[in-house]
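Data first, discussion second: the structure below is written as structure tokens.
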Amino acid sequence: MTDIPAPFDWDEFVAAATENQIDATAASRRAERLAFAGRVGLRIVLAAVTILAVLILTFILEFVVPGNPARAVAGPKASPVVIAEVTRNLHLDRPVWQQLLSYIGNALHGNLGYSYVSDQSVASLVGGRLPATALLMAGGIAVELIVGGALGIWDGLRPRRSWVLASLNIGLLSVPTFTFGFALLLLFGYVWPVLPVTGGFGAEQLILPAITLGLLGAPYYANVVRDQLRETLSAPFVRTALAKGLSRGAILRRHVFRIVVPPVLTMAGMDVALFLSGVVFVENVFAWPGIGELQVQAFDNVDRPVLMGTVVVAAAAVVVVNLLVDLLRLVVDPRVRSESL
Amino acid sequence: MAAVLLQSEPTETFADRRFRFHPRAALLAGLILLGALIVFALLAPLFGSPYRVFADGLNAQGLPLGLGAPGHLLGTDEIGRDMLARLASAGRIDLEMTFIADITSMGLGIVVGLVAGFYRGLVEQVLMRITDVFLSVPTIVSGLALASVVGEGLTGIVVVVTALYWAWTARVIYGEVLRLRSRVFVEAAVAAGVPRMTILRRHIVPHLSSLMLVLSALNAASVVSIGAGLSYLGAGVQLPRPEWGNMLEEGENALGYAPHLVVEPLVMIILTVLAFMLISEGLTNRGPTAREKTWLDK
């Protein structure tokens, strides 16, 4: 007797197949999650390496290039005895690699050295100035997003690139930050004196510097918003929505802006690096007490620890914000996840 | 349906054409403007010494003369020196600085970008991570720190600007080389046994030439503003040698009673940056996608 094959059970087959399917999906999800974690980990490691490299660069600039840092601390007229003492206090008699390691170790503990001029710690000097700079940058980004967004949407809803925006773009891009600050200061401080020109920390003093920072970045945003908007508007789902009989306003609100807004917001995060450069000029033109003003004071006094400390803090801020923006993009936008680094 | 859609493609009307931004016109305008600035700077000796203090350089109240004063077309500064002579003499040093720093930073960036893009592997990783480090340090903050170490004057500014700006060029060139090296003509050259250096020289670099031109114009625009900006902050070219940036610093305190001391160098800086921006705008090829008609356009 030959074995009679069991009758084909359709339900069993479907159940088995579904189970396999589920297994496969779960496995691929696990692999995806693992790859995702790996990518996040790699970004974090790269950020740490960047900060480390900045520390090494500032160390070289502060202790290796100038020849004798002890003389810089003690002043040009110091006696050899004083210089020897300073050398010992700063551990400058140790080998360079030991100095480097202790410099990095100190920096990781938040100790960036002490100012040559005021004997305050660099960390407290820079930390005291950070809130003002952060406020100024926030103001600048707000102005930039509002003006740039409005211009970009206005231009994006027109069939042709407006010559107004094109000229405005090239015009404002040609204006260096400090130049524009001066123009605003002259206009609103002297010609039509409605705002204070004396500088300092306050709401009234914030208006002009924030406008200076923001307005110069606005045309760039306008261009990005416009390009995104044009691209999204030519997508098929806009045609479908139009065919459904949705109003223009509803199409824009419900379908278009949802796609346009997120990349613009992540760009705002990346602007931190750009703004940290711009603020130096703006703070000096308007006498706004932030890290830019501190940096220029330190430059005038040849106060190297403060100069380098500000660089480290500013670079760390940029790296951290960029990392956050990157991670946010990874989480929010599934398309980015499959991208390679 | 398709035919209807095709017919609804936009046709350019006269009104559209009139207000379009012409790339060629921008390039021409930029070149003319830059030429005019160079001629102005070269003619500096004609306007007299920038250091000469005129006895009639100040008015009865001891204030600087304004625009259009007799003998001093652009007025005088706070101690009675001729602004025209100072602006022209400053222009020399500013343009000199711009051209030198533009060439050095572009050169470094191009070499790094080419090498990183063409020789993959460890070289690429190391070079691009270094580039990332330089991209993440805020320009002016680190520029001041660097300037305090490398010193003042023209060389100082050139070193600082080169150190700060090469990475941007390197990044762009690197990306473009990556795109080019996967193209078929490179593959064909490899298959034909052409040496790598020859491929780089004959197939990659020529494709990058127009991009390099656009980048160097853009780079020059940044170099002008950063160079003048650093001088304004006290680094770079030092007084009494006039430079647009340090003239701003000098005139800053007179903003209330002699605004022309600030406005004139400002205008010079803006014109120079504008010239380079116009050139780069004129050289850039805008893609046709920016002019596609969308579904919401009537």
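- Residue Val133(B) touches chain A through both its backbone and its side chain, counting heavy-atom pairs closer than 4.5 Å.
- With a 4.5 Å cut-off on non-hydrogen atoms, Phe134(B) touches chain A through its side chain but not through its backbone.
- Residue Phe257(A) places its CZ atom among more than 12 non-hydrogen atoms of other residues, nucleotides or ligands, all under 6.0 Å distant.
- Using a 4.5 Å cut-off between heavy atoms, Leu230(B) touches chain A through its backbone atoms (N, CA, C, O) alone.
- The part of Asp300(A) that comes within reach of chain B is its side chain, from C-beta onward, which places non-hydrogen atoms under 4.5 angstrom from that chain.
- Of the listed residues (Ala228(B), Gly229(B), Gly245(B), Pro265(B)), the one with the most heavy-atom contacts under 4.5 Å to chain A is Gly229(B).
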Leu186(A)/Val263(B) under side chain to side chain contact (heavy atoms under 4.5 Å, CB included): CA gap, chis, key distance, verdict: CA-CA 9 Å; Leu186(A) 194 61; Val263(B) 172; 3.5 Å; yes
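- For a residue to count as touching a neighbouring chain, one of its non-hydrogen atoms must lie under 4.5 Å from one of that chain's; by this rule Ala275(B) does not touch chain A.
- The residue among Pro259(B), Ser225(B), Ser280(B) with the most heavy atom pairs within less than 4.5 Å of chain A is Ser225(B).
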Validation: residues 140-148 of chain B side-chain donor-acceptor distances under 3.5 Å, sequence neighbours left out:
{"unit_1": "Ser142(B)", "atom_1": "OG", "unit_2": "Pro138(B)", "atom_2": "O", "d": "2.5"}
{"unit_1": "Ser142(B)", "atom_1": "OG", "unit_2": "Thr139(B)", "atom_2": "O", "d": "3.3"}
{"unit_1": "Ser148(B)", "atom_1": "OG", "unit_2": "Arg304(A)", "atom_2": "NE", "d": "3.3"}
{"unit_1": "Ser148(B)", "atom_1": "OG", "unit_2": "Ala145(B)", "atom_2": "O", "d": "3.1"}

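- Using a 4.5 Å cut-off between heavy atoms, Val54(A) touches chain B through backbone and side chain atoms alike.
- Among the candidates Leu57(A), Val306(A), Val318(A), the residue making the largest number of heavy-atom pairs closer than 4.5 Å to chain B is Val318(A).
- When Val312(A), Val175(A), Asn322(A), Asn284(A) are compared by the number of non-hydrogen pairs under 4.5 Å with chain B, Asn284(A) comes out ahead.
- At a threshold of 4.5 Å between non-hydrogen side-chain atoms, the residues Arg129(B) and Leu46(A) count as touching.
- Of all non-hydrogen atoms in Leu266(B) and Ala183(A), the two that sit nearest each other are CD1-N, 4.4 Å.
- Proximity to chain A is absent for every atom of Val267(B), based on heavy atoms less than 4.5 angstrom apart.
- Remark: Leu233(B) CG to Glu293(A) CD distance equals 11.0 Å, nearest 0.5 Å.
- Looking at Ile291(A), there are no atoms closer than 4.5 Å to chain B (heavy atoms on both sides), in backbone or side chain.
- Scored by the side chain to side chain donor-acceptor pair (under 3.5 Å) test, Glu264(B) finds no partners at all (sequence neighbours excluded).
- Ring pair Tyr232(B)/Phe281(A) is tilted by interplanar angle, where 30° to 60° counts as tilted.
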